[in-house]
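One structure is given here, and the rest of the page talks about it.
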Amino acid sequence: MAARRKARLRALDVLFEADQRSMDPIVVLKAKMGRANPPVGEYAVTVVEGVVAHAERIDEVLSTYSMGWTIERMPAVDRAALRIATWELLHADDVPDHVAISEAVEIVQELSTDESPTFVNGLLARISELKETLRA
């Protein structure tokens, strides 16, 4: 498994746990960094910090383009994967859009509902199409 894939999964784990426990993701991240074996990678830290720094805008974008789905109604794994991929689409210029989208789709395909891959793919494709407008 590629290093960035592992980092995305670690970031998803942090965001998912924080969401489920109603905790600050940075607190969860620091706790995991203190006891993780293997250590939490640099890209996982970057992703979590990026998602937290842009959380309000990311959730606004997801809410706006999710076509009838509120953030709260989405499965928690989907929500975390969408937040990671949306951050990558809008803020991680070194990650090609198709990589951010396909990684999120693969993650929810493995960890979430049967409907999740189609939903995640469609929502992220729309965000990718509007990326330049959404960045402004």
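What's counted below: heavy atoms across the whole structure, side chains too, no hydrogens, waters or symmetry copies. FYI, the numbering just counts along the sequence from 1. As the structure is a prediction and not an experimental result, all values here were calculated from the model.
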Just how far is it from atom CG of Asn121 to atom CD of Gln109, taken to the nearest 0.5 Å?
10.5 Å
Report the distance from atom OG of Ser66 to atom CD1 of Ile71, rounding to the nearest 0.5 Å.
6.0 Å
Tell me every residue that passes ring pair (Phe, Tyr, Trp, His ring centres under 6.0 Å) with Phe119, counting only those two or more places apart in sequence or in another chain.
Trp69
For a quick test of reading the model, state the closest non-hydrogen atom pair linking Arg79 to Met74 and the distance between them.
NH1-O, 2.9 Å
Could you pull out the closest heavy-atom pair between Ala80 and Phe16, with the gap in Å?
CB-N, 4.3 Å
Asp13 vs Lys32, test: salt bridge (charged side-chain N to carboxylate O under 4.0 Å, His left out). Steps then yes/no.
CA-CA 10 Å; Asp13 181 48; Lys32 286 196 178 293; 3.1 Å; yes
To the nearest 0.5 Å, tell me how far Asp59 CG sits from Thr86 OG1.
9.0 Å
With rounding to the nearest 0.5 Å, note down the distance linking OG in Ser63 to CD in Glu72.
7.0 Å
Residues that Glu110 engages under side-chain hydrogen bond (donor to acceptor under 3.5 Å, both in side chains), provided they are two or more places apart
Arg5
List in chain and number order the residues that pass salt bridge (Lys or Arg N to Asp or Glu O under 4.0 Å) with Arg4, two or more places apart in sequence or in another chain; answer none if no residue qualifies.
Asp94
Short question: side chain of Arg83, backbone of Ala55 - any donor-acceptor pair under 3.5 Å?
no
Taken to the nearest 0.5 Å, the spacing of Glu88 CD from Leu124 CG works out to 10.0 Å
The single option from Val45, Val47, Val52 passing side-chain contact (heavy atoms from CB on, under 4.5 Å) against Glu49
Val45
A side-chain contact here means heavy atoms from C-beta on lying under 4.5 Å apart; do Arg8 and Leu12 qualify?
no
Of all heavy-atom pairs between Val108 and Ala81, which one has the smallest distance, and what is that distance?
CG1-CB, 3.7 Å
With sequence neighbours excluded, tell me which residues meet salt bridge (Lys or Arg N to Asp or Glu O under 4.0 Å) with Arg21.
Glu17
Flag side-chain contact, heavy atom, 4.5 Å: Ile58 against Leu62:
yes
Would you please name every residue forming a side-chain hydrogen bond (donor to acceptor under 3.5 Å, both in side chains) with Ser116, sequence neighbours left out?
Asp78, Ser112, Thr113
Do Leu134 and Arg57 come within less than 4.5 Å of each other through their side chains, counting heavy atoms only?
yes
Here the pair of heavy atoms bringing Leu123 nearest to Tyr65 is CD1-O, 3.1 Å
Is any side-chain heavy atom of Ile101 less than 4.5 Å from a side-chain heavy atom of Ser128?
yes
Under the rule for side chain to side chain contact (heavy atoms under 4.5 Å, CB included), what residues qualify as partners of Lys131, not counting sequence neighbours?
Leu90, Asp97, Arg135
Could you check whether any side-chain N or O of Thr46 sits under 3.5 Å from a backbone N or O of Glu42, counting only pairs where one atom can act as donor and the other as acceptor?
yes
Closest approach of Val14 and Pro25, non-hydrogen atoms and distance?
CG1-O, 3.5 Å
Inter-residue atom distance Asp24.CG - Lys30.NZ, 0.5 Å rounding:
8.5 Å
